[in-house]
Amino acid sequence: MIVTVVLGLAAAAFLGLGWVAQQHVAYTEPLGEMLHVRLLFDLARKPVWLAGIVAMIGGQVLGALALRRADVASVEPLLATNLIFALAAAALFYKERLGAAEWLGAVLVSGGVAAFLVAGRPQGGGVPAQSSAVWIAVLAVVGVAAGVVAVALRMPLQPKAMLLAAAAGALYGLQDALTRGSLLILAWGPVALFTSWEPYLLPVIAATGILLNQSAFDAAPLRISLPATTATEPIIGIVLGVVIFGEHLRVDPPALAGEVGGLVALVAGIVILGRSPFLAKSEQVQQAPRDRT
């Protein structure tokens, strides 16, 4: 369990660093490029953004190693601490000290993760059956993400950024579940992996999540665009872990109280950290006027 925690937190650290670098560059892009693939091509020419992508990939690799050792429900809350690392990176970048609100948010996030893991003791699960029920769960997440994007298109800029970020978080949670499934299938051998659908759907979901996330970063500063992603990913991942892999959480009243309290603290901490002025600094340091059309 200790190795899983270390891997999960290291993954969160790399993810947080990656988000800061990506958003710092993406926010300078014209708004007309939101949800267009050319946004990714334009960003790919920026060294800082590429460094952020490398950090994100490193975080995903470490997250995959954690998912290989433990259930989705155990790893997702650890990955949710990426906002703490993003906050610390932004504070260092802008040479500011963390205030009381940031420390409160950090305590709530960390305490929420610990409370959920201790109370729920998630365990069990195995290779999902190639059944229609699994497909229904996958399609449900994709459908919810698509619906959120459809609503976002009719919204003003800041709500649009939050909704796009939430849709990206839902797809990232699905990506984590598909990664876990692929690793479990790989234990049966390469032939089993390449004759399954999970590894083929995984890059499609990952690429779509990146496009939605960069569009959210393009639309609004990190304090608005990142918390929704960070809050949605673990919730979707945990639900899919239970539905698809048959992972078990304790369900006695004290355990349920601890699990719900942990998730509430986690989300509350993410909201507090997301409102930090350090994550808003990028709004004040743009180097070029933006196309608001």
Find out if a path of hydrophobic residues (ILVMFWY) with successive side-chain heavy-atom gaps under 4.5 Å connects [X] to [Y].
X      : Y      : answer
Leu83  : Leu78  : yes
Leu171 : Trp197 : yes
Ile272 : Leu266 : no
Ile210 : Met162 : no
Val109 : Val264 : no

Kindly list each side-chain donor-acceptor pair under 3.5 angstrom involving residues 235-244, sequence neighbours excluded, with atom names and distances?
none

Give the intermediate values and the outcome of side-chain contact (heavy atoms from CB on, under 4.5 Å) for residues Gln23 and Leu226. CA-CA 9 Å; Gln23 196 278 334; Leu226 184 56; over 6 Å; no
Atom [atom1] of [X] and atom [atom2] of [Y]: how far apart are they, to the nearest 0.5 Å?
X      : Y      : atom1 : atom2 : answer
Leu183 : Thr179 : CG    : OG1   : 6.5 Å
Leu9   : Phe14  : CG    : CZ    : 12.5 Å
Phe194 : Ser182 : CZ    : OG    : 10.0 Å
Glu198 : Ile205 : CD    : CD1   : 12.0 Å
Leu164 : Gln214 : CG    : CD    : 11.5 Å
Leu87  : Ile270 : CG    : CD1   : 12.5 Å

Can you name the side-chain contact (heavy atoms from CB on, under 4.5 Å) partners of [X], sequence neighbours left out?
X      : result
Ala166 : Ala228, Thr232
Ala265 : Leu108
Ala44  : Trp49, Leu50
Val20  : Ala86, Ala89, Leu222

Find out whether Leu157 and Leu31 are in side-chain contact, i.e. whether some heavy atom of one side chain is under 4.5 Å from a heavy atom of the other.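 In short, these two side chains touch, coming nearer than 4.5 Å.
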Can you pull the salt bridge (Lys or Arg N to Asp or Glu O under 4.0 Å) pairs that have at least one residue in residues 256-271, sequence neighbours excluded?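 Salt bridge (Lys or Arg N to Asp or Glu O under 4.0 Å) check on residues 256-271 returns no pairs.
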Just grab all the salt bridge (Lys or Arg N to Asp or Glu O under 4.0 Å) pairs involving residues 30-53, residues at least two apart or on different chains.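 Those involving residues 30-53 are Glu29-Lys46, Asp42-Arg45.
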Greater than 12 external heavy atoms within 6.0 Å of [X]'s [atom1]:
X      : atom1 : answer
Phe85  : CZ    : yes
Met34  : CE    : yes
Tyr200 : OH    : yes

Between [X] and [Y] (side chain of the first, backbone of the second, donor and acceptor by atom type, cut-off under 3.5 Å), is there such a pair?
X      : Y      : value
Thr229 : Ala165 : yes
Arg180 : Ala70  : yes
Glu233 : Gly173 : no

Can you give each donor-acceptor pair under 3.5 Å made by side-chain atoms of residues 139-149, sequence neighbours left out, with the distance rounded to 0.1 Å?
none

Taking all atoms of both residues into account, what is the closest heavy-atom pair of [X] and [Y], and its distance?
X      : Y      : value
Glu102 : Leu273 : O-CD2, 3.3 Å
Pro159 : Met155 : CB-CB, 4.1 Å
Ser196 : Ala192 : OG-O, 2.7 Å
Gly8   : Leu79  : O-CD2, 3.8 Å
Gly209 : Ala168 : O-CB, 3.6 Å
Leu67  : Asp176 : CD1-O, 3.6 Å

Which residues satisfy the side-chain hydrogen bond (donor to acceptor under 3.5 Å, both in side chains) test with Ser225, sequence neighbours excluded?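 Residues passing side-chain hydrogen bond (donor to acceptor under 3.5 Å, both in side chains) with Ser225: none at all.
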Which pairs pass ring-ring contact (aromatic ring centres under 6.0 Å, His included) with one or both residues in residues 156-184, sequence neighbours excluded?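 Sorted pair list: Trp19-Tyr172.
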Can you give me every donor-acceptor pair (side chain of residues 56-66, partner residue at least two apart or in another chain, under 3.5 Å) with its distance?
none

Residue pair Leu35, Leu212: steps toward the side-chain contact (heavy atoms from CB on, under 4.5 Å) verdict: CA-CA 6 Å; Leu35 298 177; Leu212 291 175; 3.5 Å; yes
Would you please name every residue forming a salt bridge (charged side-chain N to carboxylate O under 4.0 Å, His left out) with Arg250, sequence neighbours left out?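 Once residues adjacent in sequence are excluded, the partners of Arg250 under the salt bridge (charged side-chain N to carboxylate O under 4.0 Å, His left out) criterion are Asp252.
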